[in-house]
Amino acid sequence: MLLPAKAEVARQLRRYRAWERVMLAAPNDRTVRATFEDSGYTLCVLMGKRCAREAADAAERYLRTNQVTYLQEQQVTYVQEQQVACLQEKQVTCLQDPNERPRPAAAVRRRPPAAGRRSPAGR
């Protein structure tokens, strides 16, 4: 896995935190909010996260640790997420009745082609 330069992560994290403070001071200013969201998006892309808060947390962890430790933490987190997803999937299948067979899809009734249809006004 490629990791971003720590200097760039630190710069983007400072930018995100600065705009976060400005946005909290002026939440109705659309320009400030847009710039804050842009900085959050940049941090998400940089850290490979979907949420700006997760990206900021990941950036802080990355800056505190060395690259090997960070990669190990990310791998453990990924494995845990996969295990949770698997358990959730198993719960869904366990909730279904094991003797219940899948039902065939209901037959869809279709109208005749437009050329064969008559308008109510043209009787």
List the atom pairs, with distances to 0.1 Å, where a side-chain N or O of residues 19-29 and a protein N or O form a donor-acceptor pair under 3.5 Å, not counting sequence neighbours.
from	atom 1	to	atom 2	distance (Å)
E20	OE1	R17	NH1	3.1
D29	OD1	T31	N	3.1

Can I get a per-line list of side-chain donor-acceptor pairs under 3.5 Å for residues 36-46, giving both atom names and the distance, sequence neighbours left out?
from	atom 1	to	atom 2	distance (Å)
S39	OG	F36	O	2.7
T42	OG1	D38	O	2.9

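More than 12 heavy atoms of other residues, nucleotides or ligands lie within 6.0 Å of CZ in R15, so this atom counts as buried by the packing criterion.
Under the side-chain contact (heavy atoms from CB on, under 4.5 Å) criterion, A10 pairs with R14, L63, not counting sequence neighbours. Partners of R64 by side-chain contact (heavy atoms from CB on, under 4.5 Å), not counting sequence neighbours, listed by chain and number: E60, R61.
When all heavy atoms are compared, the tightest approach of K49 to A58 is CE-CB, 3.8 Å.
Within the 3.5 Å criterion, the main-chain N or O of P4 finds a donor-acceptor partner in the side chain of Y62.
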